[in-house]
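All ligand and atom numbering here is 1-based and tracks the order in the structure. Bear in mind that the values here come from a model prediction, so they are computed numbers and not experimental data.
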Amino acid sequence: MSLRRELKPHIYSVGAVDWDRRLFDELIPLPDGTSYNSYLIQGSEKTALIDTVDPAMTDVLIRNLEELGIKDIDYLIANHAEQDHSGSIPQILELYPSAKVVCTPKCKDLLMDSLLIHQDKFITVEDGKTLSLGDKTLEFIHAPWVHWPETMLTYLKEDGVIFTCDFLGSHLATSDMFVTDEVTVYEAAKRYYAEIMMPFRPIIRKNLARLNDLAIDTIAPSHGPAHNKPDFILNAYGDWASDEVKNEVVIPYISMHGSTKKMVDYFTEALIERGITVKQFNLSEPDIGKLAMALVDAATVVIGSPTVLVGPHPKVVYAACLANALRPKVRFASIIGSYGWGSRMVEQLTGMMPNLKVELLEPVVVKGVPGEEEFKALDRLADEIVNKHKELGIIRE
Ligand code: FEO
C-alpha cells in the first residue's frame, strides 16, 4: 500500500504499509502486519532518503518517489543493514545513480556482503558526524544493537526529528502517520521490544540516555507510526529496559496426559490467592510474541513440562531456547511437571538457559499424577515466590 505524506515541511513519508505480513524471520508473529517506513528530506541544496523498504515492496517506494516528482537523490541514509530497510537500495541506486549510501563503516561491510553494492557508492560516517543538506543538517548517532551491531540513528537538527529505524518502532500496519491510538501502539511496541530489543537491554539504556541530549520533537522509526509525543515511547522504553521487575509469574507449559496441567492450574490458583499476577501460556499453539511480552516485566518464570524420552517436551525446549535468547530480566525461575518412569527434565531444561541470571527455586516434579504431597510442594513453591517478591519490594506486606 502506498502512503505518501508530509511528516513536516519538506520531509515526506514514502515507505510502504504491509497489511498482510504475518511472520518475520519465519519466526516472529506479526498479528497486526507492519510497515517499512522510508523518509525523504528535501533540503535547500541536497535531497536525502532515510532507509528504504523490504524488497517485496520496492515498487511502492519507487512509485511514491515518482509521484513526488523526485528527480535526484544525493544521499541514501542506511541506518541499518537488515533487508527490510536496505533491500531496495540496489534498485534506488539504479534509478538515482548519483546517490551515495551514507552509513556506519560496519553497515558498509554488511551491505557490500548482502547486497553486493560496490564500495565506491558509500560514504561512511563516524559517530557525531554531520551532513548538510543546505538549510537542514543531519547528525549521525552510532547506536549499536538496535538492532544489529552496525545500526545508527539520524537526527535532523533544525526540525528536531530523529529517524530511529528499528529502535522505538512497532510492527503495526496502520493508516495513521502519527500515533493516535496509544493503547494499540503500546501493545505493538512492547511486543516489538520484547522480540527484537530485549536481548540488548543494557545497551538500549545507553542509547536511550544519548537521546536525552537532543531536542526531539518527533521520533520517526522505520516500523509503525511516528511519535509526535516522544515521551510516550521514551517512557515506555525506560520502563521496559529498567532493572525493575513486577509482581508477576509467567507460566509457559504443556501437558500430554493432564498431570502437568493439574499442577499448573493448582499452582496458578495458589499464586493468585497470594496476590501475584499470573500469565499462563499453553505452548501447544503458542503466540511466542505474547510470551515474550510477558517476560518483559515478570519477576519469576515457572516452566511446566511433562517428560518425553527423559527430557522436557520439545515444545517446552523451544520456549526455553527462546527465553534464553531473549534474556529477560526475570530474577527467579522454577520447573514443575511430571514423568512416567524416569526424568532428567530439570537438569536438561536448566542447562538450556545459561543466559538467564536467575535464582532457581526448588522444582516440583511428580511421578504419575499429582497427589496431596505434590500440591503441598506447589504451595511451598508459591510461598517461596511470595517471599522472594517481598524481598524485592514488589509485593506489599
Ligand atoms: Fe526492521 Fe532489524 O530490521
*Asks:* Is it true that Tyr192 and His223 have ring centroids separated by less than 6.0 Å?
*Replies:* yes

*Asks:* Look at Arg274 together with Asp383 and state whether they make a salt bridge at an N to O cut-off of under 4.0 Å.
*Replies:* yes

*Asks:* Can a salt bridge be assigned to the pair Arg380 and Glu384 using a cut-off of 4.0 Å between side-chain N and carboxylate O?
*Replies:* no

*Asks:* Listing request: all salt bridge (charged side-chain N to carboxylate O under 4.0 Å, His left out) pairs with a residue in residues 305-333, at least two apart in sequence or in separate chains.
*Replies:*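 Sorted pair list comes back empty.
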
*Asks:* Going by an N to O cut-off under 4.0 Å, is there a salt bridge joining Lys136 and Glu45?
*Replies:* no

*Asks:* Counting only protein N/O/S, how many atoms fall short of 2.8 Å from atom 1 (Fe) of ligand 1?
*Replies:* 4

*Asks:* Hey, are Lys279 and Asp297 close enough for a salt bridge, meaning a charged N less than 4.0 Å from a carboxylate O?
*Replies:* no

